[in-house]
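Order of appearance sets the numbers: ligands from 1, and atoms from 1 within every ligand. This structure is a prediction, so every number in the text was calculated from the model and none was measured.
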Amino acid sequence: MNIILLGPPGAGKGTQAHFLVEDRNMIQLSTGDMLREAKDSGSEMGKIVADVMARGDLVTDEIVIGLIREKLQGDKKGGFIFDGFPRTLAQADALAELLEETGETLDKVVAMEVNDDALVARITARSTCAGCGEVYNDITKPIPADGKCSNCGSTEFKRRADDNEESLKNRLMEYYKKTSMLIGYYHAKGQLAWVNGLGEIDEVKAEIAEVLG
Ligand code: AMP
């Protein structure tokens, strides 16, 4: 099964993708994670995208489509979770072509509904484990009192450089201008399912499980 998690920054795509990786042996393909890796490694491409990401703008379709194309060649396990991709109509069309080339199908697009106030609150409180990427939130899921990640035991946590209010405003604007029309696109293809992204993490997880069957 191949699915897309669709929603604005802070909707909980990464958190829910982690559950699907654990429970269904799926592969999370987060273009945001791939781009951050490229940036941290100091590669040429990483240098090109660093400023764009810091501002909260979208990087070019060409770059992200290239990243996804590479990953689709590898092991498929329980299927792919596209997290933060596609973000434009050009990316959605490219994904359809890539899946067709590899004989795969897109089974479901899970749209996560949230409101902007919740997004700002979540994002400015967000941190991740440096060891395994487990997502924490100062309010809803604080780092354990012993200072160790509950998943891998690492004691190092980081906050994303673009998780600040200025960049977030821009990321939200990019979402509404360029990504939100994908809801109509996938609705028209009969692939869209809504879940309420505002619920508790476990409630959202259960809703997604129901939608995926
Ligand atoms: P994310 O981790 O998904 O919030 O992505 C972080 C940043 O990476 C975004 O604000 C964009 O600058 C860039 N990015 C991630 N995925 C894409 C994509 N599919 N298309 C364009 N830019 C992307």
Side-chain angles (χ1 to χ4, degrees), residues 2-18 20-21 27-41 43-72 80-99 106 109-112 114 116 118-130 132-137 157-183 185-186 197:
N2 301 305
I3 66 164
I4 294 173
L5 293 181
L6 184 63
K13 303 186 294 292
T15 301
Q16 295 299 331
H18 280 192
L20 293 167
V21 168
I27 297 175
Q28 178 190 14
L29 296 184
S30 157
T31 40
D33 285 349
M34 295 174 208
L35 292 166
R36 275 184 290 280
E37 259 167 42
K39 198 179 68 166
D40 293 346
S41 74
S43 68
E44 275 313 303
M45 190 265 277
K47 285 179 198 153
I48 294 170
V49 298
D51 287 345
V52 180
M53 291 176 73
R55 280 198 305 274
D57 291 340
L58 292 189
V59 311
T60 63
D61 290 333
E62 199 186 350
I63 288 178
V64 287
I65 291 166
L67 288 170
I68 288 287
R69 179 182 287 118
E70 251 176 59
K71 300 283 178 183
L72 291 185
F80 296 113
I81 308 158
F82 298 98
D83 161 9
F85 178 92
R87 264 173 153 102
T88 62
L89 286 172
Q91 291 177 24
D93 283 337
L95 178 61
E97 272 175 36
L98 286 172
L99 288 173
L106 180 62
V109 178
V110 180
M112 303 180 70
V114 272
D116 286 3
L119 297 176
V120 174
R122 279 185 184 180
I123 284 197
T124 49
R126 168 163 88 173
S127 58
T128 54
C129 169
C132 68
E134 182 81 359
V135 184
Y136 290 93
N137 181 291
F157 300 89
K158 49 187 185 179
R159 286 191 194 266
R160 277 172 48 171
D162 60 350
D163 275 353
N164 60 72
E165 271 195 71
E166 195 49 43
S167 163
L168 177 59
K169 258 194 251 164
N170 210 23
R171 284 155 68 200
L172 278 175
M173 199 48 89
E174 288 284 80
Y175 174 79
Y176 291 118
K177 279 196 301 197
K178 297 175 185 166
T179 309
S180 60
M181 65 276 280
L182 295 183
I183 290 169
Y185 175 96
Y186 287 116

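Every atom of ligand 1 with a heavy atom of Thr31 under 4.0 Å away is listed here by number and element: 15 (C), 16 (N), 17 (C), 18 (C), 19 (N).
The residue from Thr88, Leu89, Val109 that alone fulfils the side-chain contact (heavy atoms from CB on, under 4.5 Å) condition with Leu182 is Leu89.
How far CD1 of Ile27 is from NZ of Lys71: 9.5 Å, rounded to the nearest 0.5 Å. Separation of atoms CG (Asp162) and CG (Asn170) is listed at 10.5 Å; rounding is to 0.5 Å. Leu67 contributes atom CG, which lies 11.0 Å from atom CG of Leu72 (distance to the nearest 0.5 angstrom).
Counting only heavy atoms of the protein, atom 4 (O) of ligand 1 lies nearest to Arg160 NH2, 3.1 Å. Of the protein's non-hydrogen atoms, Arg87 NH2, 3.5 Å is the one closest to atom 5 (O) of ligand 1. When hydrogens are left out, the protein atom nearest atom 13 (C) of ligand 1 is Leu35 CD1, 3.5 Å; that is the closest non-hydrogen contact. With hydrogens left out, the protein atom closest to atom 8 (O) of ligand 1 is Met53 CE, 3.4 Å, a heavy atom. Counting only heavy atoms of the protein, atom 22 (N) of ligand 1 lies nearest to Val59 N, 3.1 Å.
For ligand 1, the polar-atom distance check against Asp162 finds no nitrogen or oxygen pair separated by under 3.5 Å.
Environment of CE in Met173: sparse, with no more than 12 heavy atoms of neighbouring residues, nucleotides or ligands closer than 6.0 Å.
Both the backbone and the side chain of Leu58 come within 4.0 Å of ligand 1, counting heavy atoms alone. Using a 4.0 Å cut-off between heavy atoms, Gln91 contacts ligand 1 through its side chain alone, with no backbone atom that close. With a 4.0 Å heavy-atom cut-off, ligand 1 is reached by the backbone of Asp57 but not by any atom from C-beta on. Contact annotation: for Lys13 versus ligand 1, there are no heavy atoms closer than 4.0 Å. When non-hydrogen atoms are compared, ligand 1 lies under 4.0 Å from the side chain of Arg171 (C-beta onward) but not from its backbone.
With respect to the salt-bridge test (charged N to carboxylate O, under 4.0 angstrom), the residues Lys47 and Glu44 qualify. A salt bridge between Lys178 and Asp57 is absent, with no side-chain N of the basic residue lying under 4.0 Å from a carboxylate O of the acidic one.
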